Structures are given as structure tokens and as C-alpha cells.
*Asks:* 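Mind having a look at this structure? Questions to follow.
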Amino acid sequence: MLRWGTKKQKDRWLPPMALGEKIGAFALTEPDVGTDARSVRTNYKKTTEGYLINGHKKWISFGQIADFFLVIASRDREISAFIVGRHFKGVKIMPIKGMLASRASHIAEIELENVEVPKDNVLGRVGSAFDYIVTTALDNGRYSIAWAGVAVAQEALEQMVTYSRKRTQFNKKLHEFQLIRGMIADAATKTSAARALCLKAGQMRKEDHPDAIVETVIAKYFASQVANSVVRDALQVHGAKGCCNSYPVERLFREAKLLEIIEGTSQIHQEMIAKSALRKYFKNRTQDAISY
Ligand SMILES: Cc1cc2nc3c(=O)[nH]c(=O)nc-3n(C[C@H](O)[C@H](O)[C@H](O)COP(=O)(O)OP(=O)(O)OC[C@H]3O[C@@H](n4cnc5c(N)ncnc54)[C@H](O)[C@@H]3O)c2cc1C
């Protein structure tokens, strides 16, 4: 909204959001549409007053408590973004229970049945929301999840080190065993590398560098993997205690997994990175036939 909103929209929504008085949620995913986000089935049609929206959204973070949703909808694959208040007639919010992690995110499913939206609530240009609003939102989301990966890995590393210095087996502290030291070394190295990628992406974003988007994808892809690998080893170092929720690594283990799914899965990020690498690192741009 900060980037694509009208002055009126910004004045109305941004100050209360910045003050924490209003919460907004981003409603893209649907029960049958995830990674292939351009295929959203939630649809809109023009009316005399504005737009009429019908559809279904799922896995929406803060959906249970949000004051409004940025609903991404399609009309013959022309994607638009609508600001939909939670109290608009036809909006039904259903909490999703039983999440593996991210339990503080108040995740919800949202049904939209003949929801009337005034024309002032369209964010950006009608029909061009995917290439501008959706990609901007996902790019920002990926950057924050990349740092979440670093945070989870760092916390797991600290838990691993602390526990290994306290626990005694065979009359030795765990950290004295070479195999445990190997896990600590790998965890420290990977965490440091993930942080370096996030810092690099951050610097490039600040400079509006043309490769900032792909570097952010690289940081998110790597940091979310690092979080999982470091947490797995941290739990191993804790032995049985790591499997119990009295110890922080149990939660970190669950939280890490989600990082490989939200704001785009690792597989789709591999695809994006490969696409960029195939273009960027091709040495023989002018040579059509290469005989390998
Ligand atoms: C905690 C949490 C919070 C979320 N918050 C939000 C939110 O606020 N707003 C919102 O809109 N969505 C949200 N989501 C949804 C999230 O964005 C989707 O889960 C994600 O985009 C993946 O979609 P999907 O789960 O439908 O998986 P699918 O797209 O069905 O994918 C299933 C599997 O197939 C793989 N796959 C799919 N396509 C390809 C391909 N082309 N090549 C290779 N592999 C492929 C995927 O990588 C995955 O492993 C949230 C999800 C979670 C878990």
C-alpha cells in the first residue's frame, strides 16, 4: 500500500497500521491454488458502484484478527487487488487450528460471497496487480523470511552450544566429543553464511540493484534450509530433551519447517534461481551451437 496506494488509501490505512491499531492481511493463496498463484479463482466483476467479489482464500496469516484483507482476485486472468474490510457483507472468517508452527499468526480461511467493494478500494491499476503488487509483496515477504531463517538458526546454534557445555556423558562435557564439535562448526559456518547472504540482499535492495530480487530469493532459499539443518543438529545434541516442549529446540524444529514453505516454497525458489543463473552465467550468448 505504501508503494502502490493512492494518497487517500495511504492516509486512511497507513497511520493506524503503523500505530498497530489496524492489522492488514495479504490474501493470495486459495484451497486449490498455491504456488501457481496467477491462477487464483477468486473472481471480481464490475458493478455500477465498484466491484463484486466471490471466492475463497486459505492459510492467511493474521486472518483471524485482521481489520482488512488485500484480496487478490482474477477476471479472465486479469489480476487485481482489493482492500476488503473484515466486516464487509459476505466475508466469512474461519480460524485454522492444528498448525505445526506459526501458531501466533492467527491463520484463517476466508470465504467471500458476493462481497461488494467500492471502487476506491482497488489497490493499484485494475488488471495489473500480479506484476506489481503481488510480486512486491512476495519480494518483501521473502526478505523477512530470509532473516527469520537466520534468527532461527542463530537461536538453535546458541541452544546447541549452551547445552553441549552443560551436559556430561562418559565423564566429559558433550562439546568435548569431536562429532558434536563437527555439528557446532557446521552450524556456526552455515548461520554465518546465511547472515552474509541476507546482508548482501539487504544492501542490494537499498541500492535498488537490478539483481536485488534474485539475491533475496537466494538468501531466503539458503537461510530457510540452514535453519532446518542447524535446528536438526541442535535437537540431536539435546537427545531426548530436544523432543520435549520444555526445551526451545522443539519449537525451533517446528518453526524452521514452515520457512521452506511460506512466501514461496524452496522448489519454486530453486526454479527462480535457476532461471536467473541460466541467463546470467551463460558464457556463449552469441554462439548458437555448442558441441558438448
Ligand atoms: C504458516 C503459513 C502462513 C501463510 N500465510 C499466507 C498468507 O498470509 N497469505 C497467503 O496468501 N498465503 C499464505 N500462506 C500460503 C503459502 O503462501 C503457500 O502455502 C505456498 O505458496 C505454497 O502453496 P501450497 O501450500 O498450496 O503448495 P502447492 O503449490 O500445492 O505445492 C505443493 C508442493 O509442490 C511443489 N510444487 C508446486 N509447483 C511446483 C513446480 N512448478 N515445480 C516444482 N515443485 C512444485 C511445492 O514446492 C510443494 O512442495 C501461508 C502458508 C503457511 C504454511
Side-chain angles (χ1 to χ4, degrees), residues 1 17 22-44 53 55-74 79-84 86 91-112 123-124 129-149 151-152 216-218 220-225 227-228 231 251-278:
M1 194 177 287
M17 275 203 280
K22 295 261 184 236
I23 295 175
F26 181 66
L28 172 66
T29 310
E30 302 182 351
D32 295 320
V33 181
T35 305
D36 183 15
R38 264 185 207 271
S39 301
V40 283
R41 294 179 190 174
T42 296
N43 61 80
Y44 63 92
I53 302 185
H56 199 155
K57 296 291 177 182
K58 198 163 180 181
W59 312 116
I60 308 307
S61 297
F62 300 101
Q64 294 176 34
I65 56 168
D67 297 283
F68 72 92
F69 306 97
L70 192 60
V71 173
I72 309 301
S74 173
I79 312 278
S80 301
F82 300 92
I83 302 164
V84 176
R86 75 176 288 125
V91 174
K92 191 172 160 201
I93 298 165
M94 294 153 288
I96 299 179
K97 303 279 184 205
M99 295 298 292
L100 169 75
S102 219
R103 293 177 186 164
S105 296
H106 303 275
I107 292 177
E109 195 166 342
I110 295 147
E111 248 176 47
L112 302 126
L123 186 68
F130 202 91
D131 292 330
Y132 297 96
I133 292 159
V134 173
T135 48
T136 304
L138 293 177
D139 173 50
N140 284 323
R142 283 193 291 260
Y143 185 56
S144 81
I145 296 300
W147 277 110
V152 167
T216 303
V217 178
I218 289 172
K220 194 273 187 185
Y221 170 61
F222 187 73
S224 58
Q225 281 196 328
N228 277 277
V231 169
R251 179 179 171 203
L252 294 172
F253 187 75
R254 292 185 287 103
E255 298 290 349
K257 187 61 224 167
L258 265 59
L259 304 181
E260 292 183 313
I261 295 171
I262 54 179
E263 304 294 347
T265 65
S266 290
Q267 288 70 41
I268 213 65
H269 291 153
Q270 281 179 302
E271 190 54 49
M272 291 166 81
I273 296 163
K275 198 171 163 190
S276 153
L278 283 163

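Remember, predicted model here, so these are calculated numbers, not experimental data. Residue indices begin at 1 and follow the sequence shown. Numbering of ligands and ligand atoms starts at 1, following listing order.
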*Asks:* Applying a 4.0 Å heavy-atom criterion (strictly less than), which segment of I262 is in contact with ligand 1: side chain, backbone, both, or neither?
*Replies:*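 For I262, only side-chain atoms sit under 4.0 Å from ligand 1.
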*Asks:* Which residue and non-hydrogen atom of the protein lie closest to atom 50 (C) of ligand 1, and at what distance in Å?
*Replies:*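 Of the protein heavy atoms, W59 O, 3.3 Å lies nearest.
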*Asks:* Could you please spell out the steps behind the salt bridge (Lys or Arg N to Asp or Glu O under 4.0 Å) verdict for R38 and D131?
*Replies:* CA-CA 10 Å; R38 264 185 207 271; D131 292 330; 2.8 Å; yes
*Asks:* Looking at atom 30 (O) of ligand 1, is any protein heavy atom nearer than 4.0 Å to it?
*Replies:*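 Looking at atom 30 (O) of ligand 1, one finds that no protein heavy atom lies closer than 4.0 Å.
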*Asks:* Can you tell me which residue and heavy atom of the protein come closest to atom 40 (C) of ligand 1, and the distance to 0.1 Å?
*Replies:*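 Going atom by atom, the protein heavy atom closest to atom 40 (C) of ligand 1 ends up being I268 CD1, 4.2 Å.
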*Asks:* Any protein heavy atom lying closer than 4.0 Å to atom 52 (C) of ligand 1?
*Replies:*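 Protein heavy atom within 4.0 Å of atom 52 (C) of ligand 1: present.
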*Asks:* Give me the nearest non-hydrogen protein atom to atom 20 (C) of ligand 1 as residue plus atom name, then the distance to 0.1 Å.
*Replies:*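 Its nearest protein heavy-atom neighbour is I261 O, 3.7 Å.
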*Asks:* Quick one: which ligand 1 atoms are inside 4.0 Å of a heavy atom on F26?
*Replies:*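 Reading through ligand 1 atom by atom, the close ones are 7 (C), 8 (O), 9 (N), 10 (C), 11 (O).
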*Asks:* For atom 26 (O) of ligand 1, what is the closest protein heavy atom, and at what distance to 0.1 Å?
*Replies:*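 Scanning the protein heavy atoms, the shortest distance from atom 26 (O) of ligand 1 goes to G34 CA, 3.2 Å.
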*Asks:* Report, in ascending order of atom number, the atoms of ligand 1 lying under 4.0 Å from any heavy atom of I107.
*Replies:*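 Under 4.0 Å from I107, ligand 1 has these atoms: 1 (C), 2 (C), 3 (C).
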*Asks:* Can you list the atoms of ligand 1 that are under 4.0 Å from a heavy atom of T35?
*Replies:*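 Result: 22 (C), 23 (O), 28 (P), 29 (O), 31 (O), 37 (C), 38 (N).
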*Asks:* What residue and heavy atom of the protein are closest to atom 10 (C) of ligand 1, and at what distance?
*Replies:*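 Ranked first by proximity to atom 10 (C) of ligand 1 is T29 OG1, 3.3 Å.
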*Asks:* Has S105 got a side-chain atom pairing as donor or acceptor with F62's backbone, closer than 3.5 angstrom?
*Replies:*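 Side chain of S105 to backbone of F62, a donor-acceptor pair under 3.5 Å: no, none is there.
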*Asks:* I'd like to know if atom 42 (N) of ligand 1 has any protein heavy atom within a distance of less than 4.0 Å.
*Replies:*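 When distances to the protein are checked, atom 42 (N) of ligand 1 has no heavy atom within 4.0 Å.
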*Asks:* Mark yes or no for whether R254, through its side chain, and L100, through its backbone, hold a donor-acceptor pair below 3.5 Å.
*Replies:*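 Yes: the side chain of R254 pairs with the backbone of L100.
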*Asks:* In terms of atom number and element, which parts of ligand 1 are under 4.0 angstrom from non-hydrogen atoms of I60?
*Replies:*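 The atoms of ligand 1 under 4.0 Å from a heavy atom of I60 are 7 (C), 8 (O), 9 (N), 10 (C), 11 (O).
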*Asks:* Within 4.0 Å of atom 22 (C) of ligand 1 (strictly less), any protein heavy atom?
*Replies:*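 Neighbour list for atom 22 (C) of ligand 1 includes protein heavy atoms (cut-off 4.0 Å).
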*Asks:* Looking only at protein heavy atoms, which one is nearest to atom 44 (N) of ligand 1, and how far off is it?
*Replies:*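 Looking at atom 44 (N) of ligand 1, the protein heavy atom closest to it is Q267 CB, 3.6 Å.
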*Asks:* Could you give the distance from OG1 (T42) to CG (L112), rounded to the nearest 0.5 Å?
*Replies:*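 Here the interatomic distance stands at 6.0 Å.
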*Asks:* Under 4.0 Å from any heavy atom of T265, which atoms of ligand 1 are there?
*Replies:*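 Here the atoms of ligand 1 in question are 22 (C), 46 (C), 47 (O).
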*Asks:* Under 4.0 Å from a heavy atom of L258: give me the atoms of ligand 1 that qualify, with their elements.
*Replies:*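 Atoms satisfying the 4.0 Å criterion: 1 (C).
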*Asks:* Using a 3.5 Å distance criterion without hydrogens, assess whether the side chain of E255 forms a donor-acceptor pair with backbone atoms of S102.
*Replies:*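 Here the side-chain-to-backbone pair exists.
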*Asks:* Counting each atom of ligand 1 from 1 as listed, which ones have a heavy atom of S61 under 4.0 Å away?
*Replies:*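 In order of number, 3 (C), 4 (C), 5 (N), 6 (C), 7 (C), 8 (O).
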*Asks:* Got a sec, which pairs hit salt bridge (charged side-chain N to carboxylate O under 4.0 Å, His left out) with one end in residues 57-72, sequence neighbours left out?
*Replies:*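 Only E30-K57 qualify under salt bridge (charged side-chain N to carboxylate O under 4.0 Å, His left out).
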*Asks:* Relative to the heavy atoms of S102, which atoms of ligand 1 are at a distance of less than 4.0 Å?
*Replies:*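 Contacts of ligand 1 toward S102, numbered from 1: 1 (C).
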*Asks:* Taking everything shown except F253 itself, do over 12 heavy atoms lie less than 6.0 Å from its CZ?
*Replies:*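 Open.
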